[in-house]
Visitor: 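For reference, the structure I am asking about is given below.
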Amino acid sequence: MHNFLLLALLVLVAAPCYSMADISLTRQLELRHLLKHDCGSCHGMSLKGGLGPALTEDVLMKKPRQMLLATILEGRPGTPMPPWKTFLTTEEANWLLDVLLQGQSDVL
Amino acid sequence: MSYKYTLPHFFCLIVCLITLTGCTSLRGTGDLGVVIERASGSVQIVETTGRTRLQQITGLGDLSHASIVYSRDERYAYVFGRDGGLSKIDILEGKLVKRVIQAGNSIGGAISQDGKLIAVSNYSPGGVKVFKADTLELVADIPATYGKLGERSKVVGLVDAPGQMFVFSLYDAGEIWVADLKQPTMPKVKKFKNIGTQPYDALITEDGRYYIAGLFGEDGLSLLDLWNIDKQPKRILSGYGRGEKKLPVYKMPHLEGWAVAGEHAFLPAIGHNEVLAVNRNNWKQRGRIKVYGQPVFAMAQPDGRHVWVNFAFPNNDTVQVIDTEQLKVVKTLKPGKAVLHMEFTPRGEHVWVSVRDEDLIKVYDTRTFKEISRLSADKPSGIFFAARAHRIGL
């Protein structure tokens, strides 16, 4: 029931544009959960920064998208930023970047 | 509540209001604790004798990665929030006493030996701020500046040490600082440089003698002997993963909670699915215990019989129990998705485990490993029992 409500809510909010069709709504919920809690364990739950830097739109907007995408998928050697490619496809990482760049990480 | 108000009740109410002693009977706080509800910015006050929830306190801001220290009378808990909020709550009355926003982004805190000062370690602006424990008034500000350009480092691993000291590590600078606050407004700071790359957290032994910082940038830890404060910290266990590929780290381990049992200390190995057993007399490696994933917390039962370990994403549905004599895993439990923290009752008959994604606290018997109770909580993370009040470094 709870999940259903969340799903309904997700449909209502302006969802990011990237490959919407390819990522199921259930998976989108999982990705948002991952962003908030698992990325959040280093970047802060509201992604305003922790051991890792803030992932807010104003910060990310100024950076090349390809570089950010590579950072998420491959990590950054020599820093605690781990590679996520075992858990995320390129599409999913792109979708997460859209969420971040549109400042929608706290919609749910 | 269906309740008949009779004249004696009314009379009682009046008496209570007049004397302000409250209708509830007197109680101590030694069996109380606080559970952080990380997503909703609230905490729950719980009681470990009957294993019940007593109260909830809301409005504490961003509590992801929040931690707590207790006043020495075990009545007040100081909550350090991620958003730089420092809140003082009264666990007897279940209310917020005072709250200040003291920085942009903070990570933890400590209380001084005499209980009069609260220190908070901050990521941004990097440094330590010290407050009066009773009023939360700022008494000292110690910016973590380093290098020629005077950059500021994130501060991690802040603990109290005997002699009104606070000890902490500079993540970006690779330094350990010891601040003496015998004169609270004039902290004397001793700095140790080149202690290792990227210290990410630290602990102090329960006697307050050794401060140990874990290093992210290299295999090994940095050990400072506070009884011999003129000597540089030395590197210990520097080769524990040598020649082996380090796994990516999806959650930084925590060194809080000194896991010591007999002559061994137990530490999470960063980047490896192992717990390290160390001989605490010479700080040499005694064994490497293979575990289910990368350890986040390795915590000894108060009697030292077992060490309980939880793990980083994606193995965070599991808890393993290590036998400290045999140095091997003797039990694997599956409390549920996203086990974030474990806390023992003061003498260790039970352990409380927070399971974030199931919105539950599960309580286990430490002899039988059987689940004996569960309590609901909103995305619970840290669990902190009041018995911490009297332990150095917690």
Side-chain angles (χ1 to χ4, degrees), chain A residues 1-3 5-6 9 26-56 58-59 69-89 92-93 96 100 103-108, chain B residues 36-41 61-66 81-84 103-108 122-126 153-157 171-172 197-201 214-218 245-254 270-271 294 296 312-314 316 337-338 340 356-357 359 379 381:
Chain A
M1 183 60 195
H2 193 54
N3 263 2
L5 282 178
L6 288 181
L9 195 66
T26 330
R27 182 62 184 154
Q28 290 185 24
L29 280 181
E30 280 171 18
L31 290 174
R32 282 181 185 272
H33 187 87
L34 180 90
L35 190 60
K36 182 167 178 179
H37 295 290
D38 297 297
C39 311
S41 85
C42 286
H43 291 279
M45 197 173 59
S46 45
L47 304 173
K48 291 193 193 113
L51 188 71
L55 298 180
T56 43
D58 50 313
V59 177
L69 185 67
T71 302
I72 295 176
L73 290 171
E74 308 292 334
R76 273 201 200 148
T79 81
M81 177 62 189
W84 289 88
K85 62 178 178 222
T86 3
F87 308 103
L88 299 174
T89 64
E92 288 170 344
L96 278 181
L100 291 169
Q104 289 195 354
S105 59
D106 54 357
V107 167
L108 285 186
Chain B
I36 308 280
E37 297 180 309
R38 76 196 291 271
S40 52
D62 181 349
L63 294 184
S64 55
H65 210 291
R82 169 72 97 182
D83 56 2
N105 196 321
S106 70
I107 182 73
N122 293 318
Y123 275 167
S124 73
S153 170
K154 300 187 190 78
V155 171
V156 299
Y171 170 82
D172 305 285
T197 0
Q198 295 165 324
Y200 63 87
D201 197 12
L215 303 173
F216 181 82
E218 53 193 279
K245 202 165 177 300
K246 238 187 181 172
L247 306 167
V249 176
Y250 291 96
K251 185 177 166 97
M252 300 301 268
H254 282 269
I270 191 160
Q294 288 187 43
V296 175
F313 173 92
N316 54 4
K337 249 187 101 191
L340 293 192
R356 185 194 65 205
D357 290 357
D359 295 315
K379 300 275 174 294
S381 56

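Below, chain A is the first sequence line, B the second, and so on; all start at residue 1. These values consider heavy atoms only, across backbone and side chains, with no hydrogens, waters or symmetry-generated copies.
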Visitor: Quick check: are there more than 12 heavy atoms from other residues, nucleotides or ligands sitting under 6.0 Å from NZ of B:K246?
Guide: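 Counting other residues, nucleotides and ligands, NZ of B:K246 exceeds 12 neighbours.
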Visitor: Give me the atom names and distance for the closest heavy-atom approach of A:C42 to B:M252.
Guide: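 Reported closest heavy-atom pair: SG-CG, 4.4 Å.
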Visitor: Sequence neighbours left out, what passes salt bridge (charged side-chain N to carboxylate O under 4.0 Å, His left out) with A:R76? Give chain and number order.
Guide: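 In terms of salt bridge (charged side-chain N to carboxylate O under 4.0 Å, His left out), with neighbours along the sequence ignored, A:R76 is linked to no residue.
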Visitor: To the nearest 0.5 Å, tell me how far B:L340 CG sits from A:H37 NE2.
Guide: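 Output value for this atom pair is 9.0 Å.
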Visitor: Do B:H65 and A:M45 come close enough that some side-chain heavy atom pair is under 4.5 Å?
Guide: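 In short, these two side chains do not touch, never coming nearer than 4.5 Å.
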Visitor: For B:D83, what residues pass the salt bridge (charged side-chain N to carboxylate O under 4.0 Å, His left out) criterion, not counting sequence neighbours?
Guide: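 Listed in chain order: B:R99.
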Visitor: Does any N or O in the side chain of B:N105 come within less than 3.5 Å of the main-chain N or O of A:G49, such that one atom is a donor and the other an acceptor?
Guide: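 It does hold such a pair.
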Visitor: With a 4.5 Å cut-off on side-chain heavy atoms, are A:D38 and B:Y250 touching?
Guide: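 Heavy-atom side-chain distance check fails, nothing below 4.5 Å.
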Visitor: Please look at A:L34 and chain B and tell me whether the side chain, the backbone, both or neither of the residue comes under 4.5 angstrom of a heavy atom of that chain.
Guide: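 Only the side chain of A:L34 comes within 4.5 Å of chain B.
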Visitor: Considering only heavy atoms, which portion of B:R356 lies under 4.5 Å from any heavy atom of chain A: side chain, backbone, both, or neither?
Guide: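 Just its side chain gets close to chain A.
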Visitor: Do any of residues 81-88 of chain A come closer than 4.5 Å to chain B, heavy atom to heavy atom, and if so which ones, in number order?
Guide: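 Only A:P82, A:P83, A:W84, A:T86, A:F87 of residues 81-88 of chain A have a heavy atom under 4.5 Å from chain B.
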Visitor: Tell me the closest heavy-atom pair linking A:G40 and B:R82, and the distance in Å.
Guide: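 Smallest heavy-atom distance, with atoms named: O-NH2, 3.8 Å.
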Visitor: Mind checking salt bridge (charged side-chain N to carboxylate O under 4.0 Å, His left out) for B:D62 and listing every partner two or more places apart, or none if nothing turns up?
Guide: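 In terms of salt bridge (charged side-chain N to carboxylate O under 4.0 Å, His left out), with neighbours along the sequence ignored, B:D62 is linked to no residue.
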Visitor: Looking only at heavy atoms, which two atoms of B:F216 and A:P80 are closest? And how far apart?
Guide: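 So the minimum-distance heavy-atom pair works out to CZ-CA, 3.3 Å.
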Visitor: If you count every heavy atom of other residues, nucleotides or ligands that lies below 6.0 Å from A:K48 atom NZ, does the total exceed 12?
Guide: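 12 or below, so no.
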Visitor: Give a yes-or-no answer on whether the side chains of B:D357 and A:H33 include a donor-acceptor pair shorter than 3.5 Å.
Guide: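 A:H33 and B:D357 do have a side-chain donor-acceptor pair below 3.5 Å.
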Visitor: Tell me, out of B:L247, B:V249, B:T197, B:N316, who's got the most heavy-atom pairs with chain A below 4.5 Å.
Guide: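 So the answer, after comparing B:L247, B:V249, B:T197, B:N316, is B:V249.
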